[in-house]
Structures are given as structure tokens and as C-alpha cells.
Protein chains: 2
Amino acid sequence: MVEIFKALAEESRLRILSLLLENDMCVCEIENCLSLKQSNISRHLSNLKASGILESYKKAQWSYYKINNNFIQENQELWVYLEKRLKELPSYQEDYKKMKKCKSENICNCLI
Amino acid sequence: MVEIFKALAEESRLRILSLLLENDMCVCEIENCLSLKQSNISRHLSNLKASGILESYKKAQWSYYKINNNFIQENQELWVYLEKRLKELPSYQEDYKKMKKCKSENICNCLI
DNA sequence: TTACTATATGCTCATTTACTCATATTAACT
DNA sequence: AGTTAATATGAGTAAATGAGCATATAGTAA
């Protein structure tokens, strides 16, 4: 349990999770939406994956990250809480807009 | 939300919360149950209080800490999750036994 | 093959955090 | 007033963490 809370105890990681509520995303899309360095995002994603919150898959050169279904199953109350609260993050509206734009304009050439 | 997760991202603090599921406790009782230094416990308690998870009150020379009812109200799903998972901490059974012993023997002379 | 793109990772630096000791503060009791 | 007990806090230290740069790795495409 501590590992999960450690993963959740960082604002950038919460912002990443808030984007993944709606879509799977690749690293460069997240980079584009959150304006953080690529290496930084990659490490945050590794962290979230190591804690069991995310899983990943590859398509061509892109690594996609998504919410881990096992995590949702095994942490249902926490997940309900997160789904509600992630949308209340101060940066959520803006991040969400960028995500929509990024997806609709296929900014990374990585549309699934 | 980050502040709450930061407070929860530390094992000693989770152990403290697990003890407080059943009773309010004073600092020296917690010290007795968890075998941590008094200053250390005092700081963890301050941290949990600052994040809104605990509240405190004084009786004579003792400071009692308890789960903050507002926190429970405002974070219901998270609280349900915590109530379940705190009891699954590896140290829980042992900590719980010590808490029971501490309360029944009135080790700090601080029984309410 | 070579060049290019996306991602992961080694390294370093700065910041934060947890721990400890010593001391201050507060309350109770003689 | 002086002593004792409980708690909080200042200061120092060590460890963990996040950020950034440079580079390695892996997959694609020419």
C-alpha cells in the first residue's frame, strides 16, 4: 500500500493519471500535453508502472501507457476516489484541452 | 490531494493510522506501541494533522490524536479503502496487540 | 546499410524528507 | 518554587527523490 501512495504523492504523476482517465497515451503525447521533459515523463511512467497503477504496451516505436485493470479491480474504492479527484486538479482543465487537441491533430503521428 | 497522498506515503504514518482506527491515542502510547522515537512520532503526527487526516486535543499533559471526522466525510471512498487496507499492513497484528496491552495496562497513566 | 524517431537510462545536482539528539515548552504535582 | 513527565521543535545528518543533460537502445523508413 505504501508503494501505491508513494506513486500518487507527486503532482506530475497525478496529472499523468488524469490524462489517462480517458485514453491510453504514448510518452510523446504526454510530453506534449504536460510540457515536462521526456526523460522526466518516462521516469514518472516507470514509477507508476512499477507500483502497479499503469501498464504499457508497444506499437511500432511508441510506448503506450494505460491504467492497469488489475489495479482498478484490486483497489476499487481508491480508484473511485481517484477518478473523481483527478478531475479536480488545478491543472486539469488545461491539461485536458491539450490532450484533446493532441489526439485530434495526431501530433506525434502515433494515432492508434 | 497531493498533500494527502504525501502524508500517506510513509510506512510509520500508516502504522499510526492503523492504531487510530480503534482508539484515540496519545503520543506516548503510540511511542510505546511502535517503538519509534518520541520526536519522530510527534513529527509524523504533526504531518498527518497538517494534511487534515488527524486532529488533536489535549487532556492535562497529554496530546491525543484522532482521525479527523471532516477528513472521513470529505474523502469517503479513500477512507473506506484505508480502513480495509491498514489492517493488512505487515506489522498490523503485532502493533494491534501492543495497542491493546498498552490500553488495558494504562502504560502512560493517561487513560481517558 | 544509414538516418531518424521514440523511449529508456546513467550521471549529476538540488531539494526534500526522515531520523536523531538536545533543548524548549507546558502541565501536574510535591 | 522546584521537580517530573509529556510533547513540540531547532539543528545537523543521511538518504531518497525529482529534474535536467547526454547518451544508449530499439524500432521505422529511406
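In what follows, chains carry the letters A, B, and so on, assigned in the order in which the sequence lines appear, proteins first and then strands, with residues in each chain numbered from 1.
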* Side-chain touch B:Ile41/B:Leu45, heavy atoms, less than 4.5 angstrom -> yes
* Asked: For B:Leu21, what residues pass the side chain to side chain contact (heavy atoms under 4.5 Å, CB included) criterion, not counting sequence neighbours?
  -> B:Trp79, B:Glu83, B:Leu86, B:Lys87
* N/O donor-acceptor pair under 3.5 Å between A:Asn23 side chain and A:Met25 backbone -> no
* Structure fact -> Atom CG of B:Asn106 and atom P of D:dA5 are separated, to the nearest Å, by 15 Å
* To do: Check every nucleotide of DNA chain C for an atom under 4.0 Å from a heavy-atom of chain B, then give the first and the last such nucleotide from 5' to 3'.
  => C:dA18 to C:dA28
* Between atom CD1 in B:Ile107 and atom P in D:dA6, what is the gap in whole Å? -> 12 Å
* Structure fact -> Per nearest nucleotide of DNA chain D, the residue lying toward the 5' end, B:Tyr65 or A:Leu36, is B:Tyr65
* To do: Output yes when at least one side-chain N/O atom of A:His44 is less than 4.0 Å from OP1 or OP2 of D:dT17, else no.
  => no
* **Atom-pair distance (CD on B:Glu31; P on D:dT7), nearest Å** => 8 Å
* Asked: Taking the side chain as C-beta and beyond, is there a heavy-atom pair between B:Cys33 and B:Leu19 under 4.5 Å?
  -> yes
* Structure fact -> Taken to the nearest whole Å, CD1/B:Ile41 to C1'/D:dT9 is 16 Å
* **B:Lys101: salt bridge (charged side-chain N to carboxylate O under 4.0 Å, His left out) partners, not counting sequence neighbours** => B:Glu105
Could you give the side-chain donor-acceptor pairs of residues 1-12 of chain B under 3.5 Å, partners two or more places apart or in another chain?
unit_1  : atom_1 : unit_2  : atom_2 : d
B:Glu10 : OE1    : B:Ser12 : N      : 2.8
B:Glu10 : OE1    : B:Arg13 : N      : 3.1

* Asked: Do A:Leu54 and A:Asn47 come close enough that some side-chain heavy atom pair is under 4.5 Å?
  -> no
* Asked: How would you label the contact of B:Ser42 with the nucleic acid (heavy atoms, under 4.0 Å): base, sugar-phosphate, or nothing?
  -> base
* Any ion pair linking B:Lys49 and B:Glu55 (charged N to carboxylate O, less than 4.0 Å)? -> no
* Residues two or more places apart in sequence or in another chain: which of them pass side chain to side chain donor-acceptor pair (under 3.5 Å) with A:Glu22? -> A:Tyr96, A:Lys100
Would you tabulate the pairs of protein nitrogen or oxygen atoms and nucleotide nitrogen or oxygen atoms of nucleotides 21-28 of chain D closer than 3.5 angstrom?
unit_1 : atom_1 : unit_2  : atom_2 : d
D:dC21 : OP2    : A:Lys37 : NZ     : 3.3
D:dC21 : N4     : A:Ser39 : OG     : 3.3

* In whole angstrom, what separates A:Leu45's CG from D:dG18's P? -> 13 Å
